[in-house]
Amino acid sequence: MDVKWASRIAELPPYLFAEIDAKKNELKEKGVDIIDLGVGDPDLPTPDFIIDALKEGAEDPRNHRYPSYQGMRSFRVAVAQWYKERFNVDIDPDTEVVALIGSKEGIAHTPLAFIDPGDVGLYTDPGYPVYPTSISFAGGTPYALPLYKENEFLPDLDSIPEDILSKAKLLFINYPNNPTTAIADEEFFKKLVDFAAKNNILICHDAAYTEIAYDGYKPPSFLQVEGAKDVGIEFHSLSKTFNMTGWRIGFVVGNKKAIGGIGKIKTNIDSGAFQAVQYAGIVALKNYTRGLDDRIKIFQERRDIFCKGLDEAGLKYHYPRATFYVWFEVPKGLTSKEFSARLLSESGIVVTPGNGFGKYGEGYARVSTTFSTERIIQAVQRLKETNF
Ligand SMILES: Cc1ncc(COP(=O)(O)O)c(C=O)c1O
């Protein structure tokens, strides 16, 4: 039988990293020592107190059954308390929170709740690739809002054509931003609330990196702004804050009707996150400052090493005040793809080409500082020795 893929996956753009992965494996087989700075997946372990909570939760038979669709009430209460403490935002744990199996799961399912075929979904480019893909999966048309260096990597909301605005149902946005590391202040969020209210567009703010910030900076929540809950929702992840990428736990909060829509989709797709993981998540959120500064200090030290190396190599970058990435400009005369391919074959370093995050990422590359400090020092040394 000739198994045919549905057009929604057959038409997806080719996997950009396939070539890099093939080259990486070929070099590895030849014995080349590859330093992979590609993926944003912390090398540091999950703190012990969270692991202990998981063990305790796993031993409790009450947690072995199907979880509730919305997430355990105690988890939702912990989320609401964390929002109050961290952002001074009031969240109703009964109607304004849904637990997610990682924020990627929630983001990917969100357009199913708000996009009909023919609708437009707005998203920022370069950005997390799940935004446009999930809009397409729901039958919508993704429309990219470019993030340019000249605008501090914030979208120009006034530049969206009227016919796009009239069809747009939601906007995915993400600050602190992956991959550009840009940040947004409350002033920008205020503009976003006005824009959403005027055009009837649901703001879906991906706030995965609010807790990874440097030099004393504390990124705001979109929901801090007056009126934000009328027009938007916010996704959070425990992955980055607590080095818990493998645990698959996150949450979405905000507008009651929107949260209800996502909940409805999820009741038809999954059966919630393992309760022992939610239990560990409660302990993490209740003690969210425990060890956080120490973890940030490590990422900050690595950021500084990498940025100094880029300075010495004569490469320009956006100074990261948050996230564990560095977004830098590739040398003149090379495309992102050519630069990453040469860096890999000549120096054994893997970086993510900027166009992997969308067409407006062309001309850039991203490194992640989620690898050992020692390896980052070695990578910087190799980078400086490479002739472009
Ligand atoms: C911007 C952004 N949003 C969401 C996620 C998903 O995180 P998770 O599904 O682990 O919560 C990531 C992961 O890399 C990300 O970079």
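Just follow the structure's listing: the first ligand is 1, and inside any ligand the first atom is 1. Worth knowing before you read on, the calculation uses all heavy atoms, side chains too, and leaves out hydrogens, waters and symmetry mates.
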If you measure every N/O of Tyr131 against every N/O of ligand 1, is any gap under 3.5 Å? no
With heavy-atom distances below 4.0 Å as the criterion, list the atoms of ligand 1 near Ser239. 8 (P), 10 (O), 11 (O)
Asp43/Arg302 salt bridge by N-O under 4.0 Å criterion: yes
Atoms of ligand 1 under 4.0 Å from any heavy atom of Lys240, numbered from 1 in the order shown, are 12 (C), 13 (C), 14 (O)
Within 45° of the six-membered ring axis of Tyr217 and under 6.0 Å from that ring's centre, is NZ or CZ of Arg321 located there? yes
Quick test of your reading of the model: are Lys316 and Asp311 salt-bridged, counting only N-O distances below 4.0 Å? no
If you measure from the Lys or Arg side-chain nitrogens to the Asp or Glu carboxylate oxygens, is any gap between Lys24 and Asp36 under 4.0 Å? yes
In ligand 1, which numbered atoms sit nearer than 4.0 Å to a non-hydrogen atom of Gly102? 9 (O), 11 (O)
Report, in ascending order of atom number, the atoms of ligand 1 lying under 4.0 Å from any heavy atom of Asn174. 1 (C)
So is Tyr209 in contact with ligand 1, going by heavy-atom distances below 4.0 Å? yes
Evaluating non-hydrogen atoms only, which member of Ile249, Leu238, Asp206 is closest to atom 3 (N) of ligand 1? Asp206
Do Glu56 and Tyr279 get their side chains close enough for a donor-acceptor pair, meaning under 3.5 Å? yes
Closest non-hydrogen protein atom to atom 9 (O) of ligand 1, residue and atom name please, with distance? Arg248 NH2, 2.7 Å
Without swapping roles, check the side chain of Lys240 against the backbone of Pro42 for a donor-acceptor pair under 3.5 Å. no
Assess Arg366 against Phe357: is NZ or CZ under 6.0 Å from the centre of the six-membered ring, and within 45 degrees of the ring's axis? no
closest protein heavy atom to atom 7 (O) of ligand 1 is Ser103 OG, 3.3 Å
